[in-house]
Each structure stands twice: as structure tokens, then as C-alpha cells.
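This report concerns only the one structure given below.
Values below: all heavy atoms of this structure, side chains included; hydrogens, waters and symmetry mates excluded. Everything numeric here is computed off the predicted structure, so don't read it as measured data. In what follows, every chain begins at residue 1, and chains take the letters A, B, ... in the order their sequences are listed.
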Amino acid sequence: MRFALRFTRSGPGLIGAVILALLALAALAAPLLFPGDPLKIAGPALTAPFTDPAFPFGTDRLGRDVLAGVFHGARASLAVGLAAAFAALAIGLVVGTLAGFAGGFIDEALMRVADAFQIVPGFLLALAFVSTLGASMPTVILAIALSAWAEPARLARAEVLSIRERDYVAAARIIGMHPLEIAFREILPNALPPVLAFAAITVAGAILTEAALSFLGLGDPNVVTWGAMIAEGRNVLRAAPFLSIIPGLALVSAVLGVYLVSEGVSDALRPREGRAA
Amino acid sequence: MSAALLEATDLRKSWAARGRSVVALKEVNLTVAPGETLGLVGRSGCGKSTLARVLTRLTPPQSGAIRFRGEDWLALSGAALRTARRHMQMVFQDPLGAFNPRATVAGALADPLRIHDLVPPARRAARIDELLERVGLTADYARRSILELSGGQRQRVAIARALACEPSLIVLDEAVSALDVSVRARILDLLVDLQREHGLAYIFVSHDLAAVKAVSHRIAVMEAGEIVEEGPTDAVVDHPQSPAARALIAAVPRLIREKP
Ligand SMILES: Nc1ncnc2c1ncn2[C@@H]1O[C@H](COP(=O)(O)OP(=O)(O)OP(=O)(O)O)[C@@H](O)[C@H]1O
Ligand SMILES: [Mg+2]
């Protein structure tokens, strides 16, 4: 609870939390406010924003409601961003913990695999993965996770290497604890903080990667996403720039919100760390 | 005593440190009888902790043999080693570092009971209370976090955790060195009581001869990776033979030396 208090006192954290809360609300309310398929034609094509009260943000080339798209797009962006980041962190934690704890050959092998994933630019990897397996939500999530797990794995491994030498790990061995239990119950929870500090970057990166994949037409074609909307607007960029600008702003605010929240979290954690040390 | 509980012969261990190798143990031999305390003294860096970690199988020796409870201790591995580990426990110097910072007292004590299935799950809470009382704490410490305890209290919990395993030997590596003097005396008394009650054997490692003298039946003096002198406590303290033993005794304040 102390933490919550400190967090609300941190300016950027609060702003970020409000932005994310609004986006989350939009995502949750989308099917209620805009029932039906947001990809279906709703009115005349290329209505300018703020001219028709039925379509406050206007309509696109095919007459689809832009506001409905932005709301439904929040669902896809947040869901994919969070799921992919969660998967990347989970894979990274497990691989990093195993590598750091096992050492020797297993460590070498796992870290060379992580190297391989890090040498290829993450976005290219995701691109290759989706274009091979086809565009659907699960493959997009998996592709983004695969492009992002190596860094958290490295962080977790470094932390595990230092924790591994602590006396309480020796004490756990002495009482006969199984090595897997030592790795996942004694070491992993204590290796979490630096990896979690990295989570915001992973979430923001995942949201952007998803948008970029959709922009290139590699997102799930049956789901509205901000990236796909920006790409769609690009065709009429001169005549109707708002079609790209509006979802673009939504994307920027989501990424900004995630960063601000992580800023607030580390602000709120800092004095506590100071006291423990 | 003819049947030794622990018998180590010709233990050698060197550490690789940045390309160079540091010899920490060269041909160490020692025996411990059931119910006996062997005090292990020596100046800082002479290899006491290395010996403790080799004996408890936290780190392998380069060569040598260890028999423990009539078995080839170094031949055990995997599940067989984990099962046998309960008979040889260890208490560490830093009472804070020896516990997972997230652990509660009850959690720390429940682990060995669960791992070795020593008491049925329904009786574990009662057993934990019993252990806490045995080491001089009350049952209401069980729910506290390890971080809420003082150093002396933590060391009592560490001893309780070792006791939970129902061991026949406890290796104490500088187990009272981090505690202040009055707490130290009470922990030493507790160790002596527990030994009498359960027939425990101890290897009591310390650079502090006064503490070693208070609890040990026999003393072994280490110097640069070797045991240079070994014998009954009184004999070693009153008539030290080696320069290393004499230096250690000279370092102990007179008052303590002359106490009966
Ligand atoms: N993990 C390790 N890696 C490399 N060298 C080590 C390691 N542990 C100990 N050593 C070296 O082995 C030698 C013996 O160290 P050890 O810790 O056994 O001494 P000690 O008698 O316990 O000293 P102290 O009284 O200071 O605890 C020292 O030279 C030390 O630098
Ligand atoms: Mg030591």
C-alpha cells in the first residue's frame, strides 16, 4: 500500500496510469459502444473528422468508422502487446534461470541460442516468422515473443549467477532440496526485479512491433489494429491525413503510457531499495 | 571410539582463481566420533571454510576420501545424495545470507520436514513450534519473516532448520562469529544442550579459540591448508606444540585463557 501511495505521488507515473487506464477502458468498452464488426462499412467514404456527429473521427476510404476502429484497435494492441511481453518475459526467465543455475554445457548451449536470436534484428525475425506461419493473433504474439525473449533471459541469467553463490542456495542444497526446486522456488523469485524493470520496454516494444507487422499487412486480417489503420490511411495520405494520424496518436499514447508507468514504478521503488541496502 | 562417524583422508582441494590455482587443502585428515565436537581453528584464509564445504559436499575435492556413517560419502550423487544429506547439516556464518529473503520462519523450517517427509503434513505446524521452542524461541515466531528477526534469533532458526533434519553431524562454519558476545555465549550453551540431548556431533569451525575451547572435545589447528596439530582441547590449549597453535593462543585475551 505504501508503494501505491508513492506511485500516485510520482507525476509521470500517474499520467501514464491515467493514459493506460483510458486505453484499457476503451478496449473493454469497444464491443459495447461499437457493437458489430468494426471492419464493416458504416457510412459514406472519407467523411472528414468533426463534421458528422455520427462519425466524430470520420470514415475511411471504404466508409468504415474510424472511432470504432481506434476503440477496437486498442483491444488488439493492448492484448497483443501484453500477451507477447508476458510470453517473452516468461521464456526469458525460464531460459535465463536454467542457464545461470545449471552452468557448464547447458548454459553455453542456451546462451548461444539467445545470441542467435539477438544477432538477427528482432523485427526481421518476427517478420520472417509471421510470413512463414501465416498471420493470426497467436502467431503474431509468438513471433513478437520470440524476437524479444533473449534480453530478459540475459538479465535473468546475470542475476541468477550472483544469487547462485549466496549462502541460502547452499543451505537449500544442504537440506537436500531438488535442484529444480532450488532454481525455480529459491532463485527465480529473487531474480525477478531487474527483469520486471525491463518489462515496460518489452511491452512498449511489443505494441510497436505488432503495429509494424500490421502496417506491412502481416497482422491478423480479421482484426482491426492501429498499424493496419495507419497502413490503410497511407493510400490516401494527401487527401485524408487524419486516417493515419488518429491511429498514430493512439499508438504513441499507448507506448508513452507504458513508459510513464514504468517510470513511476521505479520512482516508487527507489526509496524502498535505499532503505533495504 | 572405534567406529568414527566421519573419517576424511587425504583431502586435497585447490581453487582456480583467474588462471592461478590456490591450494586451499593439502592432505587433510580428520575423524569425528558420534556425539563429539571437533573444533577447527586457524587463521583467516587457512582453508577452514573450504574444508567445511568439501565435507558437506557443497564443493568437490580434487582427491581424497570421506566416509560418513559407514558409507563412501563422495560416491553418493543425485537422489541418493539428497536423501543422505539430511544426516550432515550446516550452519553458516552470516545468519541473514543463509535464508531466502522471502522466507518466513515457518517456511524455512517446513522445507526439510517436507523434503525428507519427516513428519506427516498435518503434524508439521506442531513440529515447527516444537523446534522453535527447542532453540529458545516461542511458537509465535513461526509466522514472521526472516527479515524481522535479529542476528541471534536468525541463527537460532538456522540451528532449528538443521535440527529439523534430525542429523547426526552439524558443521558450524563461524556460526557465532557474527553475533555479539552475550548472544554468542547463549548460542554456545544451546549447542552444548542440544548435543547432550540428541547425541549430535559437531565440527565447530572458528578463528576464535575462546569459542572453540568452550564447546570442543578435541581441537584441530589448521595452517595453510594443513592440519598441523590435533588433540584433546585441554592438551592443545595448555601445551600447544605447533607455532600456529601458539600464535592462536597468544591472540586470546588473558582473562579468557585463565578461566577454568
Ligand atoms: N570460491 C573460491 N574461489 C577461489 N578461491 C577460493 C574460494 N574460496 C576460498 N578460496 C581461497 O582458498 C583459500 C582458503 O579459503 P577459506 O575460505 O577456506 O579460508 P578460511 O580459513 O575459511 O578463512 P576465514 O577465516 O577468513 O573464513 C583462500 O586463499 C581463499 O582465497
Ligand atoms: Mg571461512
### Message
I want to check something: taking the side chain as every heavy atom from C-beta on, are A:P179 and B:R82 in contact at a cut-off of under 4.5 Å?
### Response
yes
### Considering all heavy atoms, the nearest A:P189-B:R102 contact
O-NH2, 3.1 Å
### Query
Heavy-atom count around B:R43 CZ within 6.0 Å, excluding the residue itself: above 12?
no
#### Entry: Structural part of B:I115 lying under 4.5 Å from a heavy atom of chain A
side chain
#### Entry: Toward chain A, the part of B:R114 with a non-hydrogen atom under 4.5 Å
side chain
### Summary
dist A:Y168:OH -> B:I146:CD1 (nearest 0.5 Å) comes out at 12.5 Å
### Message
On a heavy-atom basis, which atom in B:A98 and which in A:A171 lie closest, and how many Å separate them?
### Response
O-CB, 3.7 Å
### Query
So does B:R20 have more than 12 non-hydrogen atoms from other groups sitting under 6.0 Å from CZ?
no
### Query
B:R161 versus A:I174: any side-chain heavy-atom pair under 4.5 Å?
no
### Query
If you tally heavy-atom pairs under 4.5 Å against chain A, which of B:L81, B:T56, B:V91, B:D111 wins?
B:D111
### Message
How close do B:N100 and A:R185 get, counting heavy atoms only, and between which atoms?
### Response
ND2-O, 3.9 Å
### Message
Tell me if the CZ atom of A:F117 is crowded by more than 12 foreign heavy atoms within 6.0 Å.
### Response
yes
### Message
With a sphere of 6.0 Å drawn around CD1 of A:I106, does it hold more than 12 non-hydrogen atoms of other residues, nucleotides or ligands?
### Response
no
### Message
Taking the side chain as everything from C-beta on, heavy atoms only, tell me whether B:R85 gets closer than 4.5 Å to A:R173.
### Response
yes
